[in-house]
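Chain A is the first sequence line, chain B the second, and so forth, proteins listed ahead of strands; every chain is numbered from 1. Just so it is clear, the values below take in all heavy atoms, side chains as well, and ignore hydrogens, waters and symmetry mates. What you are looking at is a predicted structure, and each value in this text was computed from that prediction instead of being measured.
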Amino acid sequence: AQKVTQAQTEISVVEKEDVTLDCVYETRDTTYYLFWYKQPPSGELVFLIRRNSFDEQNEISGRYSWNFQKSTSSFNFTITASQVVDSAVYFCALIVRTGKLIFGQGTTLQVKP
Amino acid sequence: GAGVSQSPSNKVTEKGKDVELRCDPISGHTALYWYRQRLGQGLEFLIYFQGNSAPDKSGLPSDRFSAERTGESVSTLTIQRTQQEDSAVYLCASSFIGRGQPQHFGDGTRLSIL
């Protein structure tokens with residue numbers, strides 16, 4: 001079975017703090033893809049990053065960085081120097097053999113000024 | 001527009017009525033997906049269309065739910081004899097073929113069953 005777990009339901013930080021959102025996944029497939037999406041209060045889901053199972057290289061994009069570790073089945077997301085505009089629900093998701101995304105329950109991030 | 005378009009944005013209907021939700025994917029995207037998001041929860045997969053292949057209907061919760069897609073264009077999700085537990089945001093996404101392709105989402109239809 002495939003599953004994505006985001007253990008942190010809600011996180012609250014003060015602006016400029018760093019914050020890490022955890023994602024743990026389960027799959028027996030050797031080929032899979034992992035994604036992060038952002039859902040701001042307006043509701044639309046915004047694609048942030050994709051990582052395939054053969055590429056464990058970490059990635060940095062501006063204030064965002066992602067740490068993929070197959071050994072622990074984790075794909076964590078760090079926001080450096082958080083800003084109020086980062087407040088949103090963040091979803092981690094997995095695709096295996098079929099095209100359907102398997103989503104975690106989401107982590108609500110609140111960044112206070 | 002260039003994004004995935006869904007209509008209506010909001011739909012309020014009485015229990016027992018049928019509803020149709022529409023999705024217009026990004027031009028050139030041959031894969032189309034429907035998801036459901038209940039309040040405060042993650043997204044549940046409903047159905048997936050990939051080109052001319054048979055759709056993956058494994059996520060449809062009951063036989064009251066059905067979806068169609070004409071070619072590589074518009075899709076319609078139909079819910080018959082709506083129940084209160086059907087209240088949710090229904091999201092459509094599209095992508096290029098290939099399971100690693102990122103899915104791009106519409107703004108969703110917020111369905112409320114009275």
Side-chain angles (χ1 to χ4, degrees), chain A residues 1-10 21 23-25 27 29-55 59 61 66 68 75 88-110, chain B residues 1-6 9-10 23 25-26 29-51 53-61 67 69 75 88-111:
Chain A
Q2 291 84 37
K3 185 179 178 182
V4 176
T5 302
Q6 295 179 253
Q8 304 150 307
T9 306
E10 292 185 20
L21 310 181
C23 173
V24 174
Y25 61 93
T27 179
D29 286 63
T30 56
T31 302
Y32 52 88
Y33 293 83
L34 294 161
F35 298 80
W36 276 94
Y37 282 85
K38 174 182 179 179
Q39 189 175 42
S42 53
E44 78 277 17
L45 272 159
V46 178
F47 164 71
L48 295 178
I49 190 170
R50 171 189 62 190
R51 172 68 68 227
N52 76 54
S53 53
F54 298 107
D55 181 3
E59 183 156 340
S61 176
W66 291 269
F68 176 32
F75 186 41
V89 182
Y90 290 86
F91 291 98
C92 180
L94 167 72
I95 283 180
V96 290
R97 276 169 278 112
T98 64
K100 60 186 179 185
L101 278 165
I102 299 162
F103 283 86
Q105 290 300 298
T107 297
T108 300
L109 174 64
Q110 183 180 30
Chain B
V4 176
S5 177
Q6 290 187 247
S9 301
N10 289 281
C23 173
I26 292 172
H29 282 188
T30 50
L32 186 147
Y33 315 79
W34 284 97
Y35 295 88
R36 177 171 70 178
Q37 186 176 26
R38 289 193 165 118
L39 186 63
Q41 298 189 20
L43 281 75
E44 304 170 68
F45 166 78
L46 297 177
I47 188 169
Y48 162 39
F49 295 91
Q50 180 176 315
S53 302
D56 176 353
K57 303 180 181 180
S58 60
L60 294 178
R69 187 182 187 194
S75 175
V89 177
Y90 289 82
L91 289 152
C92 176
S94 69
S95 75
F96 292 112
I97 286 290
R99 60 193 163 119
Q101 294 294 329
Q103 296 176 23
H104 297 272
F105 286 79
D107 290 342
T109 294
R110 183 174 300 277
L111 177 63

Whatever's closer than 4.5 Å to a heavy atom in chain A on B:S58 counts as side chain
Going from NZ on A:K100 to CD1 on B:I47, what distance comes out if it is rounded to the nearest 0.5 angstrom? 11.5 Å
Given a strict heavy-atom distance threshold of 4.5 Å, which part of B:Q37 is in contact with chain A: side chain, backbone, both, or neither? side chain
Distance in Å, A:Y37 OH paired with B:H104 NE2, rounded so as to fall on 0.5 Å steps: 7.0 Å
Less than 4.5 Å to any heavy atom of chain B: does that hold for the side chain of A:T108, its backbone, both, or neither? neither
What is the distance from atom CZ of A:F103 to atom OH of B:Y35, rounded to the nearest 0.5 Å? 5.5 Å
In terms of heavy-atom proximity below 4.5 Å to chain A, should B:I97 be classed as side chain, backbone, both, or neither? neither
Any side-chain heavy atom of A:L101 sitting closer than 4.5 Å to one from B:Y33? no
Considering only heavy atoms and a distance below 4.5 Å, find which of B:A93, B:G106, B:G100, B:G40 pairs most often with chain A. B:G100
Ranking A:T9, A:V46, A:L45, A:L34 by heavy-atom pairs under 4.5 Å to chain B gives rank one to A:L45
Smallest heavy-atom separation, A:R50 atom then B:P102 atom, equals NH1-CD, 3.4 Å
Which atoms of A:Q39 approach chain B - backbone, side chain, both or neither, heavy atom under 4.5 Å: side chain
Residue part contacting chain A, namely of B:Q41, when any heavy atom lies under 4.5 Å: both
Looking at B:R110, I want to see if its CZ is surrounded by more than 12 non-hydrogen atoms of other residues, nucleotides or ligands under 6.0 Å. no
